Visitor: 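Right, I'll just put the structure down here and ask away after.
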Amino acid sequence: MIKQILGRLPRKPSKSSENREFGGSSAPPLSNPSHSRSSDIMGNHRLLIDNAPLPGPNSASTFGYSHGSRLSQVVDQKLNGNSGTAPYEALPGFKDVPSSEKQNLFLRKLSLCCVVFDFSDPMKSLKEKDIKRQTLLELVDYVSSANGKFSESVMQEAVKMVSANLFRPLTPQPRENKVLEAFDLEEEEPLVDPAWPHLQIVYEFFLRFVASPETDAKLAKRYIDHSFVLKLLDLFDSEDPREREYLKTILHRIYGKFMVHRPYIRKAINNIFFRFIFETEKHNGIAELLEVLGSIINGFALPLKEEHKLFLVRALIPLHKPKCLPMYHQQLSYCITQFVEKDCKLADTVIRGLLKYWPITNSSKEVMFLSELEEILEATQPAEFQRCMVAVVDSYSNPGGSMAMNVAERALYLWNNDHIESLIRQNRRVILPIIFPALEQNGHNHWNQVVQSLTLNVRKIFSDTDPELFEECLNKFRENTEKWEEIKTKHEAAWKRIEEIAVSNAANGEAVLVPRVPTRWLKWLEKLNTQCFAPKIELAWMVKNIFSAASGPTLV
């Protein structure tokens with residue numbers, strides 16, 4: 001009976017068994033007082049880990065998160081004053097242990113790297129930080145050279161280590177107290193995370209782990225789940241461009257390997273765009289997310305699903321609205337052009353959506369819209385162009401006749417595109433009457449010689465293609481101009497007479513009687529102004545004179 005009781009007591013492992021675990025080398029020392037005084041991790045507390053052997057590869061059923069939580073148990077013990085654990089020490093290299101023990105050592109190294117250090121003080125815990133960095137590099141090499149399928153316990157610990165290091169609150173770094181526009185942000189120096197020496201290696205490890213053929217997607221999806229993907233997407237708001245570059249590559253790998261997560265990833269990105277467009281207009285990773293989407297859209301099967309078309313209309317097209325569009329316009333334009341190339345019938349929807357957000361007072365943004373419009377029109381078929389050509393040409397005549405040199409020049413450069421020129425030639429009888437007034441004004445009145453020269457070249461193209469139509473438009477323009485001059489002279493005389501009456505009545509102390517201008521008159525003037533193609537400043541001048549006539553002491 002006494003033997004049975006003694007047999008149930010735990011036995012102390014022999015030195016030979018410890019040596020066998022580490023391939024004949026001695027295990028790291030369990031205590032080092034001088035070293036423990038310098039191990040300051042995660043703030044002002046020293047985190048110590050237990051270097052007891054991990055369960056073997058066949059213990060997946062009892063593995064769970066028990067070993068991963070051992071680290072937090074050690075932290076609790078240390079905070080409670082229980083200091084009977086070993087300091088943060090380096091583990092043996094993989095070349096120092098036999099092949100049968102490498103997986104156990106790999107799990108121990110993953111657990112060792114779950115400790116997160118405080119990088120706010122660059123002089124704190126230098127030795128421990130270097131140990132972790134060397135361990136992470138060893139993990140990267142191990143994953144890269146693995147020649148056997150990773151077990152479920154390895155996947156669980158790998159994802160846990162990645163989560164512990166990467167998933168953190170993204171606190172914006174302090175900037176000067178001023179409002180930054182998109183172009184100012186481009187000139188600002190990118191803000192970097194001080195913990196990047198460790199984060200970069202963790203990202204490299206995870207990228208190789210996901211891309212490794214030894215990672216079974218059916219097993220890994222239990223740990224790289226929806227919650228993990230959502231936290232990974234949240235990191236795209238990091239201000240460090242190097243981190244966003246890694247995230248872009250990793251997200252693309254996850255999308256390609258885990259087919260079960262594809263709808264969820266698209267929906268999560270959709271929600272990020274909605275929040276950015278309609279709520280915050282602040283996000284650092286829109287360009288990187290659009291780069292990933294560009295590759296995803298390129299792989300869409302035909303015919304396009306209704307879900308994908310709704311994503312185009314509800315998320316991608318409204319992305320033209322925010323002020324910081326220059327930060328991601330190139331990637332956005334690529335995504336939208338991909339949709340048009342996939343399904344040419346979407347050209348009308350895309351072009352009308354683009355015109356809805358067309359800028360009026362921002363010339364640099366207008367140039368970007370013109371560049372995107374050129375790419376879309378280049379992928380547009382004649383039948384689809386006829387459906388939207390009136391709206392396009394109506395909008396085109398404003399940039400073409402713009403006094404802003406860069407806008408007018410970019411609009412006229414569209415004629416260098418053979419496909420667009422062919423579309424316009426085929427529909428010239430509809431297009432030329434609309435844009436002819438803008439061409440005439442630019443050709444004779446624009447202040448920039450380059451714009452004048454380009455305008456004359458376009459006029460010559462129309463004149464050579466269809467001389468009769470060109471002459472007809474020219475005669476109509478001259479008639480309208482003459483009519484406008486007559487009306488303008490009559491208006492000036494009428495308002496001058498009203499002004500004289502107002503001044504005379506004011507001098508005599510009488511009430512100033514100013515006739516109310518009916519709304520239909522103003523609408524007629526607006527229409528006349530548009531038809532006669534006179535500068536809009538003329539209408540503004542007339543309206544101003546209406547109210548300036550009421551300069552007397554009393555307004556009735």
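We count residues from 1, following the sequence as given. All values derive from a computational prediction rather than experimental measurement. Note: hydrogens, waters and symmetry copies are ignored here, and every other heavy atom, side chains too, is used.
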Visitor: For Glu291 and His252, does a side-chain donor sit closer than 3.5 Å to a side-chain acceptor?
Guide: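 There is no such pair (donor and acceptor under 3.5 Å, judged by atom type) between the side chains of Glu291 and His252.
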Visitor: Nearest 0.5 Å, what's the CZ-CG distance between Arg244 and Leu235?
Guide: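 Rounded to the nearest 0.5 Å, the CZ-CG separation comes out at 12.0 Å.
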Visitor: Does Ser120 form a side chain to side chain donor-acceptor pair (under 3.5 Å) with Asp118? I'd like the steps, not just the answer.
Guide: CA-CA 6 Å; Ser120 58; Asp118 180 15; 2.7 Å; yes
Visitor: Under the criterion salt bridge (Lys or Arg N to Asp or Glu O under 4.0 Å), I'd like the reasoning laid out for Glu128 against Lys132: C-alpha separation, chi angles, the key distance, then a yes or no.
Guide: CA-CA 6 Å; Glu128 289 79 3; Lys132 179 178 177 180; over 6 Å; no
Visitor: If you count heavy atoms of other groups shown closer than 6.0 angstrom to NZ of Lys257, is the number above 12?
Guide: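 More than 12 within 6.0 Å, yes.
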Visitor: Kindly check if the number of other-residue, nucleotide or ligand heavy atoms within 6.0 Å of CD (Glu307) is above 12?
Guide: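 Buried by this count: over 12 neighbours within 6.0 Å.
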Visitor: Salt bridge check: are Glu138 and Lys109 linked by an N-O gap of less than 4.0 Å?
Guide: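 Looking at Glu138 and Lys109, the cut-off is met.
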Visitor: In chain order, what residues pass the side chain to side chain contact (heavy atoms under 4.5 Å, CB included) check against Asn298, with sequence neighbours excluded?
Guide: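 Here the qualifying residues are Gln338.
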Visitor: Aromatic rings His198 and Phe117: how do their planes relate, parallel, tilted or perpendicular, breaks at 30° and 60°?
Guide: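 The arrangement is perpendicular - the two ring planes meet at more than 60°.
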Visitor: Could you check whether Lys248 makes a cation-pi contact with Phe236, meaning its NZ or CZ is under 6.0 Å from the centre of the six-membered ring and within 45° of the ring axis?
Guide: no
Visitor: Out of curiosity, Ile250 CD1 to Glu243 CD, how far, rounded to the nearest 0.5 Å?
Guide: 9.5 Å
Visitor: For the atom pair NZ (Lys221) and CG (Asp216), what is the distance rounded to the nearest 0.5 Å?
Guide: 9.5 Å
Visitor: Is atom CG of Leu302 surrounded by more than 12 heavy atoms (other residues, nucleotides or ligands) closer than 6.0 Å?
Guide: yes
Visitor: Determine which pairs satisfy ring pair (Phe, Tyr, Trp, His ring centres under 6.0 Å) with at least one residue from residues 280-302, sequence neighbours left out, and list them in order.
Guide: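 Ring pair (Phe, Tyr, Trp, His ring centres under 6.0 Å) check on residues 280-302 returns Phe300-His308.
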Visitor: Could you state the interatomic distance from OH (Tyr255) to CD1 (Ile296), rounded to the nearest 0.5 Å?
Guide: 4.5 Å
Visitor: For atom CZ of Arg242, decide whether the heavy atoms of other residues, nucleotides or ligands shown that lie under 6.0 angstrom number more than 12.
Guide: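 Yes, enclosed.
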Visitor: With a distance cut-off below 6.0 Å to the six-membered ring centre and an angular limit of 45° from the axis, does Lys282 pair with Phe276 as a cation-pi contact?
Guide: no
Visitor: Crowded around Arg262 CZ? As in, over 12 foreign heavy atoms under 6.0 Å?
Guide: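 For Arg262, atom CZ is crowded (more than 12 foreign heavy atoms under 6.0 Å).
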Visitor: May I ask you to test the Tyr334-Ile297 pair for a side-chain heavy-atom distance under 4.5 Å?
Guide: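 The answer is no; the side chains never approach within 4.5 Å.
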Visitor: What distance separates Phe150 CZ from Thr215 OG1, expressed to the nearest 0.5 Å?
Guide: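 So the CZ of Phe150 and the OG1 of Thr215 are separated by 5.0 Å.
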Visitor: Look up atom OH in Tyr328 and atom CG in Leu290, then write down how far apart they are to the nearest 0.5 Å.
Guide: 8.0 Å
Visitor: Go through the structure and list residues passing side chain to side chain contact (heavy atoms under 4.5 Å, CB included) with Lys356, not counting sequence neighbours.
Guide: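 Side chain to side chain contact (heavy atoms under 4.5 Å, CB included) check on Lys356 returns nothing, list empty.
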Visitor: Can you name the one residue among Tyr223, Phe258, Phe167 that meets ring-ring contact (aromatic ring centres under 6.0 Å, His included) with Phe228?
Guide: Phe167
